[in-house]
Amino acid sequence: MLAKIMITCIGLLHIYILILEMFLWDRPLGMKAFGNTLEKAKQTKVLAQNQGLYNGFLAAGLLWSLFVSEPFSLYLGNFFLGCVLVAGIYGAITASKKILFIQAIPALLGLICLNLAI
């Protein structure tokens, strides 16, 4: 049950990131979330929208894993949480250390819970 709660929360987080990156990137909330100026946000808007779309795919996969039966739910949960973990580690190394705490660590904890059936 805890694993399903974590997957739901991580999926919803990625929907929120999708909204920030695809629709609010050059708005005050989006610029504040990513520490951008209006000029930088305008220059990088298309790239951010692409990133947002990928976050939407992660969210879709995570939420999909909640609605299919075993063993597919376990396979999907592991795959998409693994994707989030790798993306979070890469983002922490290349973009911002806070991504480690926002994305990677929750995904790791979700993987642990999922595979221990907590």
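These numbers were taken from a predicted model, which means no experiment stands behind them. Numbering of residues begins at 1 and proceeds along the displayed sequence.
The hydrophobic cluster around Tyr90 extends to none of the other residues, as no ILVMFWY side-chain heavy atom falls under 4.5 Å of it. Here Leu13 is tied into one hydrophobic group with Ile17, Ile102, each link being a pair of ILVMFWY side chains closer than 4.5 Å. Using a 4.5 Å cut-off between side-chain heavy atoms of Ile, Leu, Val, Met, Phe, Trp and Tyr, Met31 falls into a hydrophobic cluster with Leu38.
Judged as a side chain to side chain contact (heavy atoms under 4.5 Å, CB included), and not counting sequence neighbours, the contacts of Leu63 are Ile15, Leu66. Scored by the side chain to side chain contact (heavy atoms under 4.5 Å, CB included) test, Tyr54 finds Asn50, Phe57 as partners (sequence neighbours excluded). With sequence neighbours excluded, the residues that form a side chain to side chain contact (heavy atoms under 4.5 Å, CB included) with Ile99 are Ala95, Ser96, Gln103. For Lys45, the side chain to side chain donor-acceptor pair (under 3.5 Å) partners two or more places apart in sequence, or in a different chain, are Asp26. For the side chain to side chain contact (heavy atoms under 4.5 Å, CB included) test, residues two or more places apart in sequence or in another chain that qualify with Ile89 are Leu85, Ile93, Ala104.
Residue pairs meeting the ring pair (Phe, Tyr, Trp, His ring centres under 6.0 Å) criterion with at least one member in residues 13-34, sequence neighbours excluded, are Trp25-Phe34. Applying the salt bridge (charged side-chain N to carboxylate O under 4.0 Å, His left out) test to pairs two or more places apart or on separate chains, none has a residue in residues 30-44.
At a threshold of 4.5 Å between side-chain heavy atoms, the hydrophobic network of Ile, Leu, Val, Met, Phe, Trp and Tyr places Phe67 and Leu12 in one connected group. The hydrophobic cluster containing Leu24 does not contain Val46, counting ILVMFWY residues as joined when their side-chain heavy atoms lie under 4.5 angstrom apart, directly or transitively. Under the 4.5 Å side-chain heavy-atom criterion for grouping Ile, Leu, Val, Met, Phe, Trp and Tyr, Leu53 is not connected to Val86 through any hydrophobic cluster.
To the nearest 0.5 Å, atoms CE (Met6) and CG (Leu109) are separated by 4.5 Å. Atom CD of Glu21 and atom CD of Gln51 lie 5.0 Å apart (nearest 0.5 Å).
Taking both residues in full, the closest heavy atoms of Ala59 and Gly11 are given as CB-O, 3.4 Å, listed atom of the first, atom of the second, then distance. Annotation for Leu100 and Pro106: closest pair O-CD, 4.3 Å, computed over non-hydrogen atoms.
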Report, one line per pair, each donor and acceptor closer than 3.5 Å where one atom sits in a side chain of residues 69-84; sequence neighbours left out.
{"unit_1": "Glu70", "atom_1": "OE2", "unit_2": "Ser73", "atom_2": "OG", "d": "2.9"}
{"unit_1": "Asn78", "atom_1": "OD1", "unit_2": "Asn115", "atom_2": "ND2", "d": "2.7"}
{"unit_1": "Asn78", "atom_1": "ND2", "unit_2": "Leu74", "atom_2": "O", "d": "3.0"}
{"unit_1": "Asn78", "atom_1": "ND2", "unit_2": "Asn115", "atom_2": "OD1", "d": "3.3"}

